[in-house]
Amino acid sequence: MPSTELLRDILTSNATYADAFSKSDPALLQRLAKGQSPRICWLGCSDSRVSAELSTGVAPGSIFVHRNIAQCFHPNDPSALAAITYAVQQLKVEAIIVCGHTGCGGVKAAMMQAQTEAIQGSPIVPTTEGDKIISGWVAPIKALAASQLATSGAEADPSKGYDPLSALSLAELTDHHVAETVRLVSESSIVQDAWKAGADLAVHGWVYHVATAKLRDLDIGLAGINKRAESLLGQASSYAASEPPEDN
């Protein structure tokens, strides 16, 4: 089976990686074997193109990572809640990064659902268990998408010149979703209690641009209750500056 060969190749690659790692930085391996002390918690997407460690260039043990479809933070999701709780209360991380990315399938699915519902004037009824699961998961993003469509005036007439599924439109929705997730994480009892206890903790929103491997800071960070975090770059990075240059 093709998958068998693939998995064998991965194990072979791991043997090469482990040998190189043990020779290049044996001290780091020894430290990692004793435990972890990451300073950052990363809430990112499960997308195979977006790796927290590779995109930031940090060593293993630097980032505590939780990933799911479209980097969502649902109040009733025990997995995300457990990850954030452990990061804040046990690891004492200094920052939580909510990181979205361009070309996110979850964001696109939410926009497509919002567009379809606006055109047909009624909610989409999932026909399979899989559709029900995905629709429920991206429902908060769909609500943001519906608001974006209403603001554009294109919810019932996509021919007005606004393409909801264009890269720029989906990037706008991604930014909104990251900002909303930053708000939800910041307003969670986990983070609120940490701030009340005087924890040095900030929550930031970033977007990873797949075509350039660049991280874009949205400059929406919070460092306490009703307290903005110090700006990382002085201002929000622009979408255009993080994308490949247009061909002339």
Side-chain angles (χ1 to χ4, degrees), residues 32 35-53 55-56 58 60-101 104-107 109-110 113 126 129-145 147 173-208 215 217-218 220-229:
L32 293 175
Q36 62 172 329
S37 55
R39 299 171 62 186
I40 297 170
C41 174
W42 178 282
L43 174 56
C45 183
S46 299
D47 194 293
S48 62
R49 300 166 293 176
V50 188
S51 165
E53 292 81 6
S55 62
T56 56
V58 301
S62 301
I63 302 179
F64 184 74
V65 179
H66 178 77
R67 298 169 69 178
N68 59 44
I69 299 296
Q71 73 282 337
C72 292
F73 185 74
H74 299 315
N76 60 348
D77 175 18
S79 181
L81 288 169
I84 298 296
T85 300
Y86 186 76
V88 172
Q89 296 183 0
Q90 301 299 320
L91 298 176
K92 308 295 184 183
V93 297
E94 300 168 25
I96 299 173
I97 304 297
V98 176
C99 189
H101 68 94
C104 179
V107 169
Q113 289 182 14
E129 186 63 23
D131 287 344
K132 182 179 179 180
I133 293 171
I134 296 299
S135 294
W137 186 260
V138 303
I141 313 176
K142 183 178 70 173
L144 294 176
S147 177
L173 179 56
T174 297
D175 285 8
H176 289 165
H177 171 47
V178 168
E180 177 65 7
T181 306
V182 166
R183 183 187 70 80
L184 291 172
V185 171
S186 299
E187 293 181 354
S188 68
S189 60
I190 305 159
V191 173
Q192 290 283 306
D193 289 347
W195 280 338
K196 290 175 183 176
D200 182 10
L201 174 67
V203 184
H204 291 274
W206 292 355
V207 174
Y208 178 78
L215 285 166
D217 175 39
L218 300 185
I220 55 173
L222 296 169
I225 299 174
N226 298 321
K227 178 183 177 183
R228 284 292 306 274

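Predicted, not measured: the structure shown is a model, and the values here were computed from it.
Atom CG of Leu43 and atom CG of Leu184 lie 10.5 Å apart (nearest 0.5 Å). Atom CD1 in Ile40 sits 8.0 Å away from atom CD in Glu94 (nearest 0.5 Å). Rounded to the nearest 0.5 angstrom, Thr181 OG1 and Ile220 CD1 are separated by 9.0 Å. Note that OG1 of Thr56 is 10.0 Å distant from OH of Tyr208, once rounded to the nearest 0.5 Å. With values rounded to the nearest 0.5 angstrom, Ser62 atom OG is found 10.5 Å from Gln36 atom CD.
Looking at heavy atoms from C-beta onward, Val88 lies out of side-chain contact with Cys41 at the 4.5 angstrom threshold. Here the side chains of Trp42 and Ser55 are in contact, with some heavy-atom distance below 4.5 Å. Between Leu32 and Pro60, some side-chain heavy-atom pair lies under the 4.5 Å cut-off.
Closest non-hydrogen pair, Cys72 versus Ile69, comes out as SG-O, 3.6 Å. Listed here is the closest heavy atom pair of Leu215 and Cys99: CD2-SG, 3.9 Å. Here the closest non-hydrogen pair linking Gly205 and Asp217 is O-OD1, 3.4 Å. Residues His101 and Cys104 come closest through the heavy atom pair CE1-CA, 3.4 Å. Scanning all heavy atoms of the two residues, the minimum distance from Val178 to Gln71 falls at CG2-NE2, 4.0 Å.
For the ring-ring contact (aromatic ring centres under 6.0 Å, His included) condition, no pair includes a residue of residues 174-194, sequence neighbours left out. Here ring-ring contact (aromatic ring centres under 6.0 Å, His included) pairs that include residues 61-87, with residues two or more places apart or in two chains, are Phe64-Tyr86, His74-Trp137.
With sequence neighbours excluded, no residue forms a side chain to side chain contact (heavy atoms under 4.5 Å, CB included) with Ser37. Residues satisfying the salt bridge (Lys or Arg N to Asp or Glu O under 4.0 Å) criterion with Arg183, sequence neighbours excluded, are Glu180, Glu187. Considering only residues two or more places apart in sequence or on other chains, Asn68 meets the side chain to side chain donor-acceptor pair (under 3.5 Å) condition with none of them.
Screening Ile96, Leu81, Val185 against Ile190 for a side-chain contact (heavy atoms from CB on, under 4.5 Å) leaves a single residue, Leu81.
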Please table the atom pairs, donor to acceptor, closer than 3.5 Å between any side-chain atom in residues 191-204 and protein atoms at least two apart or in another chain.
unit_1, atom_1, unit_2, atom_2, d
Gln192, NE2, Ser186, O, 2.8
Trp195, NE1, Leu201, O, 2.8

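Remark: the backbone N or O of Ala52 is not paired with any side-chain donor or acceptor of Arg67 at under 3.5 angstrom.
For CZ of Arg228, the number of neighbouring non-hydrogen atoms (other residues, nucleotides, ligands) closer than 6.0 Å is greater than 12.
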